[in-house]
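Along the sequence shown, residues are numbered consecutively beginning with 1.
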Amino acid sequence: MVGQPLLGEDSGRGEEEEDGQDDHWGETTTAVTSERSASFEDLAPVGTSSIPDNAAPKTWIMIGFYLSCVLGLFAILTPPAFIVLPHVFWGSQLEPCGVVCEGLYISLAFKLLLLFLASWAVFLRPPRCALPRLVEFHALLLVLLFLLLSSYWLFYGVRVLGPQEKNLRGVVEYAVSLVDALIFIHYLALILLELRQLQPLFFLKVVRSSDGETRFYSLGTLSIQRAALFVLENYYKDFPVFHPTPPVVRKRSRHDNHNGKKVYNVDGPDSSTVSQSQTLISTSTNYKERYYEEAEHARKVRRRKARLVMSVHDAFSQLKHLVQQDEEWKSANTLHQQEAAQSIFPLIAQSLQRYLRSTQQAHLHSMEGIIQHLTLCLTHQMSPQAFLEQYLRPGPPVQYLSNPYGVWTLVSEESVTRPLRSNLTFCLQCSDTQLVVTVCGIPFLKLSETFIPPNSQRFIVSSKPETNL
């Protein structure tokens, strides 16, 4: 859950004071519980996230989904309608077919049941994405199903309803043939939509342009838009969370420029020589400044991590001590666990906030999200390290989504309905993230065989007895 910072501006001033202190901070860790304790009035409320208007599934996507469901239901009900209509119109005038028709009825019923269950398991899924174009195989299968049903109904009206066909056996066999055709269409849909892309033919290199984080995936034959959907599904669970803000580094003062070095022009007033010398000196000192700033930042993160771990263990130890003293607490419910989480949260709020700021995670966690996680840990009697795991090792981006909708833009030089090919590059852009996807073909592999005769690897070891000289 993403929210506003836990503490106010006072915590920022205290953070600056802390950076000037020496490493003997162990004596001051208990000050969190006394004059520097955090209260709920100092904590900022949780920001409410609104869902963009263009993030929700579009109307035409839901209409297409419902039309597909209606067409599938109509296809399931058509074979029983073919058998029922002659009984309704001509009743006793039909020619009985006895055992043959009864066997066909049983076969038709089981085929329809299996077809309904298979269609429910494979196709009856609510839309979870909005693609820029239609999926060509979905449209092809729907058109094919519509043409099949139209042809069967047209033939049924001309050859059965028109001349008032009385042969019931022929009508039942006609309905059974429709069910067989529907089963074959379902088999074709299963191959085109589910099995066709299982054989890997390409591997995708996905690079996040902001920090260079890279992942590789293998994929079969898919269109560009469906490959982009595959990349996004894996991005939310495989990539680490992205921190848009750079780490806070120590600012260098003016007198630190050039490390106190001065440049003199001993050959004459040639300004170009002086400027080149100054450029060389600034280039040689920039990497040193960066090295020391990164080392200082890493030291600060380690120090605040140790302080956070100690404060959390102290808070859990105090709570455990209170539990051992109060016998009624052993039968506490969830409400009591939440009260306990709220009571020990001020003991860890300040150290947690400083650590989150040092690691650029302050925008990922809110006060209520932390209290909820603390309540969960207390309810299930989890250890302090289990509580800290969420903050010491950040999870994938899907863990910090503020709303269930992700709005992305697919940028491609080719039509998004075309299949993947080698040396193809497309981009996926979001509000603060860009993914560059490069497609490469898996090379053709040829294996050759070399036969080694079993007798060629045999040898004889002859041992002679040792002789004493």
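With hydrogens and angles ignored, the 3.5 Å screen pairs a side-chain donor or acceptor of Q197 with a backbone N or O of L193. A donor-acceptor pair under 3.5 Å is absent between the side-chain atoms of S210 and the main chain of T433, judged by distance alone. Of the possible donor and acceptor atoms, one in the side chain of Q225 sits under 3.5 Å from a partner among the backbone N and O of L134. With S351 contributing its side chain and I348 its backbone, the two residues share a donor-acceptor pair below 3.5 Å. At distances below 3.5 Å, at least one donor-acceptor pair connects side-chain atoms of H313 with backbone N or O atoms of V309. Panel note: side chain S422, backbone G441; a donor-acceptor pair is recorded below 3.5 Å.
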List the steps and the verdict of side chain to side chain contact (heavy atoms under 4.5 Å, CB included) for T78 and W153. CA-CA 9 Å; T78 295; W153 272 107; 3.3 Å; yes

Are N423 and T438 close enough, and set up right, to give a side chain to side chain contact (heavy atoms under 4.5 Å, CB included), and what steps lead you there? CA-CA 7 Å; N423 302 324; T438 304; over 6 Å; no

Side chain to side chain contact (heavy atoms under 4.5 Å, CB included) between L392 and T359, intermediate numbers included: CA-CA 9 Å; L392 301 182; T359 56; over 6 Å; no

Can you check side-chain hydrogen bond (donor to acceptor under 3.5 Å, both in side chains) on R304 and S358, steps first, answer last? CA-CA 8 Å; R304 293 184 177 182; S358 300; 2.5 Å; yes

Would you sort out whether L188 and L144 count as a side chain to side chain contact (heavy atoms under 4.5 Å, CB included), showing the intermediate values? CA-CA 11 Å; L188 178 63; L144 184 61; 4.0 Å; yes

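In this structure, CD1 on I185 lies 9.0 Å from CG on L147, to the nearest 0.5 angstrom. Rounding to the nearest 0.5 angstrom, the gap separating the CZ atom in R302 from the CZ atom in R307 is 15.0 Å. In this structure, the separation between OG1 on T375 and CD on E339 is 10.0 Å, given to the nearest 0.5 Å. Taking OH of Y391 as the start and CG of L364 as the end, the distance is 11.0 Å to the nearest 0.5 Å. A distance of 4.0 Å separates CZ of F137 from CZ of R196, quoted to the nearest 0.5 Å. To the nearest 0.5 Å, atom NE2 of residue H363 and atom CG of residue L356 are 10.5 Å apart.
Counting non-hydrogen atoms of neighbouring residues, nucleotides and ligands closer than 6.0 angstrom, the CD atom of Q199 reaches no more than 12 such neighbours. The local environment of NZ in K237 is crowded, with over 12 non-hydrogen atoms from other residues, nucleotides or ligands closer than 6.0 Å. Atom NZ of K305 is surrounded by 12 or fewer heavy atoms from other residues, nucleotides or ligands within 6.0 Å.
Partners of E194 by side-chain contact (heavy atoms from CB on, under 4.5 Å), not counting sequence neighbours, listed by chain and number: V122, R125, L190. Judged as a ring pair (Phe, Tyr, Trp, His ring centres under 6.0 Å), and not counting sequence neighbours, F316 has no contacts.
Electrostatic pairing of R299 and E296 counts as a salt bridge here, judged by a charged N lying under 4.0 Å from a carboxylate O.
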Using atom types as modelled, flag every donor-acceptor pair under 3.5 Å from a side chain in residues 408-420 to any protein atom, sequence neighbours excluded.
residue: W408; atom: NE1; partner: Y236; partner atom: OH; Å: 2.8
residue: S412; atom: OG; partner: E414; partner atom: N; Å: 3.2
residue: S412; atom: OG; partner: E414; partner atom: O; Å: 3.1
residue: E414; atom: OE2; partner: R421; partner atom: NE; Å: 2.7
residue: E414; atom: OE2; partner: R421; partner atom: NH2; Å: 2.4
residue: S415; atom: OG; partner: T417; partner atom: OG1; Å: 3.0

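Taking every heavy atom of both residues into account, L142 and L71 meet most closely at O-CD2, 3.8 Å.
Below 30°, between 30° and 60°, or above 60°: for F387 and H373 the angle between ring planes is below 30°, a parallel geometry.
Taking the ring axis of F239 as reference, the NZ or CZ atom of R208 does not stay both within 45° of it and closer than 6.0 Å to the ring centre.
Side-chain contact check for F230 versus Y235: every heavy-atom pair is 4.5 Å or farther apart.
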